[in-house]
Amino acid sequence: MTKLMAGNWKMFKGPTETYAFFDAFEAPDGVDVIICPPFVSLEDAVGEEWPIYAQNVHWAAEGAFTGEISAQMLVELGVQGALVGHSERRQYFGETDETVRQRAEAALAAGLGVIACVGELEGEREAGETEAVLRRQVEVLPVHDRLVIAYEPVWAIGTGKTATPDLAQEAHAFIKSLHDTRVLYGGSVKPENAADLLAQPDIDGALVGGASLDPASFSSLCRIAASLS
Ligand code: PEP
C-alpha cells in the first residue's frame with residue numbers, strides 16, 4: 001500500500017516561511033503527502049501541489065467560539081482535511097475523547113479528511129495501560145474512508161525518544177484490530193530511523209513534527225517512504 005507522510009508544522013512557519021518551504025520541498029511519486037501548516041499559512045499553502053490539512057477544526061458550523069475555525073471555513077479556503085486530537089491539544093487545551101470525536105465527525109460531514117491522533121502517556125505505558133488507553137481513544141472515532149489514525153506515543157513526541165519498530169508495530173496491530181483504517185506512526189521520526197519503522201507491516205506512514213519543518217529532511221523522509229511503498 002502507498003505510504004502516507006504527513007508533516008505537522010505545529011506553531012511554526014508563517015506565510016513567508018511557508019513559501020520558502022515549498023520552493024525547496026520535493027516528493028517522489030509513490031508516496032502520499034499531506035502538509036499541516038498553522039491556520040495563518042493555510043491560504044498560501046493550498047495553492048501548492050500537495051493536500052493541505054489544518055491542525056484543528058471545530059464541530060460547529062459557526063458560532064460564539066472565539067479562536068476556533070469551522071470545517072466549512074476550511075472547505076471554503078480549499079483545505080482538504082484536519083488533524084484532530086493531537087496530544088498537544090489534549091495536554092494543553094483540554095481536548096477530550098468526546099471533543100475529538102465531535103471534531104472528527106464535523107470534519108467528515110463537511111467532506112474533509114481527518115487524521116485523528118491517539119497515544120498513551122509514559123506513565124500509562126509503565127502502568128500497563130497502553131491498550132486500555134488506545135481502546136478508549138480509538139473506539140470513539142467514526143469509521144470512514146477519509147479518516148486515518150496516527151499512533152503517537154506521547155512520550156516520543158518531540159523528545160527524541162522513538163518507539164522501537166517492534167513496539168510501534170504491536171500498537172498499530174492493536175489499533176487495526178479495533179478500527180479498519182490506515183495507521184500512521186508519530187514520535188520523533190527522522191531520516192535516520194524512518195526506514196525501520198516504515199518497514200513494519202502495519203505502519204502505513206508517519207505523522208512527522210520537527211523533521212517536517214526542514215524541506216530537505218521531509219523530502220528525504222518522503223523518498224524513504226516511497227521506496228518502501
Ligand atoms: C507530531 O507533532 O505529531 C510529532 C510526532 O512531532 P515530532 O515528530 O517532533 O516528535
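Just so you know, ligand 1 is whichever comes first in the structure, and atom 1 is the first atom listed for that ligand.
Counting only distance, with no hydrogens or angles, the side chain of D202 and the backbone of Q169 share no donor-acceptor pair below 3.5 Å. In this structure, the side chain of K3 engages the main chain of I203 through a donor-acceptor pair within 3.5 Å. Remark: side-chain polar atoms of R125 are not paired, donor with acceptor, to backbone N or O of T130 under 3.5 angstrom.
Heavy atoms from other residues, nucleotides or ligands lying under 6.0 Å from CD of E62 number 12 at most. Within a 6.0 Å radius of CZ in F12, no more than 12 heavy atoms belonging to other residues, nucleotides or ligands are found.
Sorted by first and then second residue, the ring pair (Phe, Tyr, Trp, His ring centres under 6.0 Å) pairs with a member in residues 167-213 read Y151-H172; sequence neighbours excluded.
Contacts of C117 with ligand 1, taken as heavy-atom pairs under 4.0 Å, are absent altogether. Of the heavy atoms in N8, only side-chain atoms (C-beta onward) come closer than 4.0 Å to ligand 1.
The N/O atoms of G209, backbone and side chain alike, include one that comes under 3.5 Å of an N/O atom in ligand 1. Checked by distance only, ligand 1 and T159 stay at 3.5 Å or farther apart across all their nitrogen or oxygen atoms.
Between D32 and R182 the shortest side-chain heavy-atom distance falls below 4.5 Å. Looking only at side-chain heavy atoms (C-beta outward), M11 and E88 stay at 4.5 Å or farther from each other.
Which parts of ligand 1 touch S188 is read off a 4.0 Å heavy-atom cut-off, strictly below it: atoms 7 (P), 8 (O), 10 (O). Taking every non-hydrogen atom of H86 and a distance limit under 4.0 Å, the qualifying atoms of ligand 1 come out as 1 (C), 2 (O), 3 (O). The L207 neighbourhood of ligand 1 comprises atoms 3 (O), 5 (C), with distances under 4.0 Å to a heavy atom of that residue. The I157 neighbourhood of ligand 1 comprises atoms 4 (C), 6 (O), 10 (O), with distances under 4.0 Å to a heavy atom of that residue. Annotation for ligand 1: atoms under 4.0 Å from non-hydrogen atoms of A156 are 10 (O). Contact atoms of ligand 1 toward G187: 5 (C), 10 (O) (distance under 4.0 Å to a heavy atom of the residue).
Atom 5 (C) of ligand 1 has its closest protein heavy atom at E152 OE2, 3.0 Å. Of the protein's heavy atoms, G158 N, 2.6 Å lies nearest to atom 10 (O) of ligand 1. In terms of protein heavy atoms, atom 9 (O) of ligand 1 is closest to G210 N, 2.8 Å.
Not a single heavy atom of S212 sits under 4.0 Å from any atom of ligand 1.
In the model, T162 has a side-chain atom that pairs as donor or acceptor with a side-chain atom of N193 under 3.5 Å.
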